[in-house]
Amino acid sequence: MASLPLQFPIPSEASLQSKIPTSSLTLSRIPSRVSLNSSSSPTKTSQNQRGLIENVHLVSLSKQGMLTEALEFLNEMDTAGVFVNTRSYECILDMCGKMKSVSNGRIIHERIKRTVENPSGFLWNSLFRMYCDCCCFDDAKKLFNKMLSRDPDSWRILLSAYTQNALFDEALRLFSEMHMLGSKYHSVVYSTLLRATSDPQYMELGKQIHSHLIRNLSNSDMFIDSTLFHMYLKCGCLYSSKLLFDRMTEKNVVNWTELMVAYTQENKQKEALALFGTMLEEGVQLDEFVFSIALKACSTRNDFDTGRQIHGHIIKCGLESNVSTGTPIVDLYVKCGCLEDALLAFQRIVDPNDVSWSAIMSGYSQYGKFEECLCTFKNLRSSGMDLNSFIYTSIFHVCSAIADPNLGTQVHADAIKSGLVSDLYGESALISMYSRSGKLDYAHRAFNSIHQPDTVAWTAIISSYAYHGRASEALELFKRMQKYGARPNAVTFIGVFTACSHSGLVREAQDYMNSMSSMYGVDPIIDHYNGMVDIYSRAGQLEEALKLIQSMPFEPDVMSWKSLLGGCWIHKNVELGKMSAENLLQLDPDDTAGYILLFNLYASSGKWEEAANIRKVMAERDLKKEVGCSWLVDRGKVHRFIVGDRHHPQTEEIYTKLEQLNLSTMGNEDKPSYDEHALYSLPAKREEQLLEHSERLAIAFGLISSHAKTPVLIFKNLRACVDCHEFAKCVSKITGREIVIRDSNRFHHFKSGMCSCNDYW
DNA sequence: GTAGGGTTAG
């Protein structure tokens, strides 16, 4: 039979889709049917060609998501009596599902019922899939129950819809139904279903399905292998996963990455990196995901050298500027203490995202680059970039370090507005921020707002009270924490020891030290022993402190000796102090604080020659003590003072006030001692300088600038000086004002001539 | 028309 010549060549469907300007196309502009030679009788070919262009056009409209136009065109085709083929229906239903337009899908469903006799299994499945894609599971199930010829695809479509929408119980019920009916299923059904069991709560079921597939499936494939491997990993069965992984005939980079992630989550960074090494040996194609997890393993274990090698590898692969690899490189350098390298790596990222910014901001906040951190934050905010809760946590850290409660409160409000303070990280950072800014009540409020505080949150509030010298409340919170089922960790015990230390609770601290490991399962580390040394030393039990240093299961470090030296200074034990200082300076010959403590010890014991010698050694080594600086925040502005400072615009008023205060407190204070401020001064000059110490200037300014009922809140970078501590006590008595000073160690709350530390610090 | 991965904080 000769084929009939067409009047024009029929283009391929694909080329038509790109050529036809679909939106304005109507039946009047394209032939409603391909013209055939009228004298010829219809043949099979001619039947197939009838309405072909219209159907192609309908498919084209559907694929472009122009559902309204497609429906209109469908009506025009009806009017013109053009046959709508199954393929067109499938396409339009597919788009209805993708666009979740169940109303249009229902119109098509009705049309099919009216116009299509005996719809094929394919068409039924298309309809069915449309309802599934639109999440209309009731309609889908109704249709499913009506379907006479459910094929394996029908089951799979519904099963897949259930798993994709996390309706795992329904998925498992359906599978059970399939099983009861003895339906045939192949690997696709298993891999779809296993998705539902990749959760610890379904692990047993997952195992059953695994054994089911072993019995019913003759050949496994990479989907099954991969899904089973994934399922066991997600259920926490690393060992089983590894067995499956080793047996997999075909492994790809995703499988390797998953296993590495599992190792890092179990704190097995070394194993993760070993896997990475094997990947390199086996020549697996690497991508940004696997690099990022390898870098994370390095940063977590502070493995700078391996991290640097991986960085080199990334450069070779040309992925250095990629945000997914560039960001963990930044984090690696931040964690390894190389802020400069981190900045360089950051600058190389072509399009840094919020994660990249939070990584670099965390670096800024950790390395004291507070101004840079705040400035970056302001710029990001005004640029409209998406911020995340990590960024806010870093900013809370900065606010707490610079002790600016106003800024902290503003950022807090901002974070609430952005909805980014809702997780425990942010909340715990908030507790610390408020407490370190002198607002213990706000800190407690932040703690109370946490629905279920975890160990870190409890630790933050315990440490806050400890830091403010409120030992009994801190220890009470420690008890409550256990009642609520939160398990203390090593950091919690640091808070507990801080509380005991600031209040001289030697017995209690001993009890905690002895029960840490047995009762709480926390093995003491050197920081805990040093805490105990500090507690003995402050309490004057210097021999006990020394005994502990000598008997503890760690080599004493700088902190161990410094704590003992501090105690020797307080309790004027020159011999032991000298020995502690020698040990301390042997470990770190440049420890300025160690020299200053020893100098003060000599000076306060009248050993001027030895004191002068310390000063000489320091000068020879070019060691200068950090300049004492006190500051306070008034109406959002930070006012800083150093000793004898005359730069403040209100200097006149400040000094007048200070003179007045010095006169009224004179005689009320204890006899002046010697402290770090006095190191390079002669005794007479020293006393003169004492009257202009930074704390006193800050107190004077605080009194004249703030409201009479509000406490004067002052921050100092060094430890509070004994004389100024006395001064603050007197001022609080004479003026009736409450004064709060945060020094480098803790908070002092002065009220009516008393300090919350009871002169014990 | 099935499965699956990463990086930032207290």
Side-chain angles (χ1 to χ4, degrees), chain A residues 90 94 97-98 122 125-126 129 132-133 152-153 156-157 159-161 163-164 185-196 198 221-231 233-234 251-262 264 272 287-297 299-300 322-332 334-335 342 346 349 352-363 365-366 387-397 400 420-421 423-433 446 450 453-461 463 491:
Chain A
E90 280 169 11
D94 185 51
K98 282 193 178 118
F122 279 124
N125 282 342
S126 288
R129 191 181 303 116
C132 288
D133 288 346
D153 253 1
R156 188 195 41 73
I157 291 165
L159 194 67
S160 173
T163 54
Q164 276 167 13
Y185 27 73
H186 46 87
S187 74
V188 175
V189 167
Y190 284 112
S191 41
T192 307
L193 187 66
L194 284 167
R195 187 183 194 199
S198 297
D221 60 31
M222 67 165 294
F223 280 105
I224 292 285
D225 287 349
S226 192
T227 320
L228 275 171
F229 160 72
H230 175 76
M231 181 198 82
L233 264 189
K234 289 288 164 199
K251 296 183 193 104
N252 59 29
V253 65
V254 178
N255 308 130
W256 287 90
T257 311
E258 273 200 281
L259 192 55
M260 283 175 67
V261 169
T264 56
D287 64 10
E288 65 266 39
F289 293 97
V290 76
F291 276 127
S292 65
I293 191 69
L295 285 165
K296 188 189 176 173
S299 354
T300 310
N322 181 310
V323 67
S324 296
T325 36
T327 304
I329 295 173
V330 171
D331 181 53
L332 168 83
V334 165
K335 295 246 169 64
F346 182 83
I349 301 175
N353 61 15
D354 61 314
V355 181
S356 328
W357 284 107
S358 43
I360 199 67
M361 285 174 73
S362 152
S365 82
Q366 281 173 44
L387 302 179
N388 61 35
S389 57
F390 291 71
I391 290 175
Y392 279 100
T393 308
S394 286
I395 294 296
F396 291 147
H397 182 74
S400 117
L420 289 171
V421 73
D423 63 19
L424 279 168
Y425 276 92
E427 285 163 335
S428 301
L430 260 182
I431 296 171
S432 305
M433 187 269 285
I450 302 177
D454 66 353
T455 299
V456 181
W458 280 103
T459 303
I461 192 68
S463 306
V491 188

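These figures come from a predicted structure and were not determined experimentally. Naming: A, B, ... by sequence-line order, numbering from 1 per chain.
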May I ask you to say what [X] touches in the nucleic acid, namely base, sugar-phosphate or nothing, with a heavy-atom cut-off under 4.0 Å?
X	answer
A/V261	sugar-phosphate
A/N353	nothing
A/T327	base
A/D454	base
A/V491	nothing
A/S324	base
A/K98	nothing
A/D287	base
A/S389	base
A/D133	nothing

Are A/F223 and the base of B/dA3 stacked, counting only ring centres nearer than 5.5 Å and planes tilted under 30°?
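The base of B/dA3 is not stacked with A/F223 (the test needs centres under 5.5 Å and planes under 30°).
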[X] side chain near [N] phosphate (N/O to OP1/OP2, under 4.0 Å):
X	N	value
A/K251	B/dA3	no
A/K296	B/dG6	no
A/R195	B/dA3	yes

Without swapping roles, check the side chain of [X] against the backbone of [Y] for a donor-acceptor pair under 3.5 Å.
X	Y	answer
A/S226	A/F223	no
A/S160	A/I157	no
A/S362	A/S358	no

Nearest-Å distance for atom pair CG/P, residues A/D225 and B/dT2
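Distance check: A/D225 CG to B/dT2 P gives 18 Å.
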From the list [options], which nucleotide is the closest neighbour of the side chain of [X]?
X	options	value
A/S191	B/dA3, B/dG4, B/dT2	B/dT2
A/Q164	B/dA3, B/dG10, B/dA9	B/dA3
A/S428	B/dG10, B/dG4, B/dT8	B/dG10

Worked check of side-chain contact (heavy atoms from CB on, under 4.5 Å) between A/R195 and A/Q164
CA-CA 9 Å; A/R195 187 183 194 199; A/Q164 276 167 13; 2.8 Å; yes
Atom pair CE/CG of A/M222 and A/N252 - distance to nearest 0.5 Å
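Between atom CE of A/M222 and atom CG of A/N252 there are 5.0 Å.
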